[in-house]
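Every number for a ligand or one of its atoms is a count from 1 in the order of the listing. All values below were derived from every heavy atom in this structure, side-chain atoms included, with hydrogens, water molecules and symmetry-related copies excluded.
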Amino acid sequence: MRQIFILLAVIFVVLSPVRAATPADSVIWGGPIYSGGESGRPVAALAIRDGRFVAMGSRSKIKRLVGPQTRIVELRGSAAFPGFTDGHAHLHGIGARELELNLEGTASVVDLRARVSAWATQHQDPVLIGRGWIETHWPEGRMPDATDLDPIAPGRPMLLVRADGHALVANSAALRQAGITAATADPPGGRLIRTEEGSPNGILIDRAMDLVAGLLPAQTPQRASLALDKALEVYPALGWTGVHNMSVDWLDVTLLEARAAQSPLPLRIYNAVTPQASTNLFASGKRFSLDGRVVTRGVKLYADGALGSRGAALFAPYSDSPETSGLILLTEQDRAIMRQAKEQGLQIAVHAIGDRANALVLTAFEELLGCGPTAALGTNPSACRAHRWRIEHAQILRPADISRFAADGVIASMQPSHAISDLYFAPSRLGEGRIDGAYAWKSLVQSGAIVVGGSDAPVERGAALIEFYAAIARTDLKGASGPDWRPGERLSRREALNLFTLAPAYASFQEDDLGSIAIGKRADVSVFSVDLMRAKPAEILQGHAVLTMVGGKVAYRAKGW
Ligand SMILES: [Zn+2]
């Protein structure tokens, strides 16, 4: 018997070079290939078979795996990385942005009017919807109002949502159709900005936006499906192979699963559903599409609002608005959802921007999962860690709370581009002292916390290169920074790469399969025209995604490539 084993072992050893020489489906070479994870040094060549990485190393080593059917991907100097995953975005909104008037990059009120007017003549939808303006750098130094819009297309309602989704400007026709007059009171959690005479000027903040909700086109499966198709088309082109899709309603979950059943999606999608859809998720348990590209196992909750509109919950009042310190939105019902999620092994992801909201969520997690200083009977960090619960944004932290993330195993899911957008107004909202714990991703990484990077698109553009740049440069897109921008919170390039690769893989329970280029892992690759590990920050912004592969198949290829 023993001899037979030895004989089999010998045969195996003799044959194994032949086995290893089974041709690859694809090989990649011709530029630096960064494997991510622990290794910082690039390799020269990579081989893929059956959707997974099978070999990496020198070009001559990989050449032996080239057969007649092998596809050769010549990088021509471009740089390859493990597939980039956007750790927090909204696919539906990304698609909707393409179907409606996209106002990103609008430079002034004058520019806004020009864009709206061009769109209005080309599109005849009964209500004109736009999204993406932000007035923080406009020369006029103010938000647009109804009087700016009224002359463009009189009588046709217009709703233009601010980039952060926490305010919109309506024209007079929209206000009229929604029945908003000088007599309309501010709803709870919302505000109508008014003229000196007291009539609404068209700007609706937070819950006041609900007053015009009736003018929005109804959400039909056809519209939702159109938006998702559009998102699946544009998002790979921005350099991503995966996305953590936040606040997803049940219709979108079923549409994405149905689409995945038809043909492989060009993106891996990890869904965290809305509180409303949590009932459906609790009924079905964790969900995996047939090809594993759509995973649904999270519920997204809200602990507070946003900093721009002073809805973020702070311990002390806003420095530029001492009468308010924001609003806690977490309810008893949300806590019940957390308990149920714990029971069923589902992930909780809570939006928390302000320091008070973050502390509250950390405490809630500790109490419920049984760890940290607030746990009744000693701490049990590994029990907490196993759940991999997350705080979305983790934007403003009391310095003392930073270490709780690592201690409790709570994942911080942060958006580098928010810092370079918000740092124009965050110092005035927060005052000097509180900036110390704001957008503090380096402090979190150094404390041992898992930090996931994402864009929150459509709030931001959602470009992999912009997020990477913001994480390492912490300057705006022109390279400028203010005195309060805490350059010490810049990440190293290795750390930044981790934010978009291994960390999101871990945060979606898929680190054994995704997140680095390693033998046996799924072959997800993002290729950029610039070498992110070496290029000057400004050059990174000049670059673009040239190719993405998901499961070894090309998901996106730039024109002329
Ligand atoms: Zn978001």
Side-chain angles (χ1 to χ4, degrees), residues 85-98 102 104 131-132 134 161-168 206-207 209 224 227-228 231 234-235 238 240 242-249 252-253 256 267 269-278 296 298-309 311-313 326-327 329-330 334 347-354 357-358 361 389-396 411-422 426 438-439 441 451-464 466-467 470-471 499-500 503-504 507-508:
T85 292
D86 187 333
H88 179 127
H90 307 275
L91 274 184
H92 189 110
I94 291 163
R97 176 167 75 182
E98 300 296 319
N102 185 350
E104 282 175 282
R131 178 169 178 139
I134 185 129
V161 184
R162 193 171 186 262
D164 68 358
H166 287 269
L168 66 77
D206 282 321
R207 296 252 82 111
M209 296 192 290
L228 291 173
V234 299
Y235 230 44
L238 290 165
W240 308 108
V243 59
H244 292 188
N245 191 20
M246 291 288 149
S247 302
V248 188
D249 63 26
D252 280 4
V253 170
L256 287 166
L267 270 182
I269 298 166
Y270 181 76
N271 291 318
V273 302
T274 59
Q276 294 75 18
S278 66
T296 307
V299 182
K300 159 99 181 290
L301 305 172
Y302 281 85
D304 64 347
L307 187 65
S309 49
L327 217 59
L329 303 180
L330 202 73
D334 292 331
Q347 189 181 46
I348 289 291
V350 188
H351 163 117
I353 303 266
N358 276 281
V361 175
W389 283 8
R390 349 184 344 162
I391 294 187
E392 301 303 315
H393 311 306
Q395 212 164 77
I396 300 142
I411 295 162
S413 167
M414 307 181 77
Q415 295 70 41
S417 56
H418 280 353
I420 64 173
S421 307
D422 294 4
Y439 315 90
W441 47 69
V451 179
V452 170
S455 72
D456 205 7
V459 175
E460 304 281 353
R461 175 90 273 260
I466 293 177
E467 296 305 326
L499 247 61
F500 303 103
S508 60

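Between the Zn ion (ligand 1) and His88 there is an N/O/S contact shorter than 2.8 Å. In summary, an N, O or S atom of His90 is located under 2.8 Å from the Zn ion (ligand 1).
Ring planes of His351 and His393: perpendicular class, angle over 60° (limits at 30 and 60°).
With sequence neighbours excluded, the residues forming a salt bridge (Lys or Arg N to Asp or Glu O under 4.0 Å) with Arg162 are Glu135, Asp164, listed by chain and number.
The backbone N or O of Glu467 sits nowhere less than 3.5 Å from a side-chain atom of Arg461 that would complete a donor-acceptor pair.
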>> Before you tell me yes or no, could you show the steps for Val459 and His418 under side chain to side chain contact (heavy atoms under 4.5 Å, CB included), namely the whole-Å CA-CA distance, both residues' side-chain angles and the distance that decides it to 0.1 Å?
In response: CA-CA 9 Å; Val459 175; His418 280 353; 3.7 Å; yes
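When you scan the N, O or S atoms of Asp456 for the one nearest the Zn ion (ligand 1), you land on OD1.
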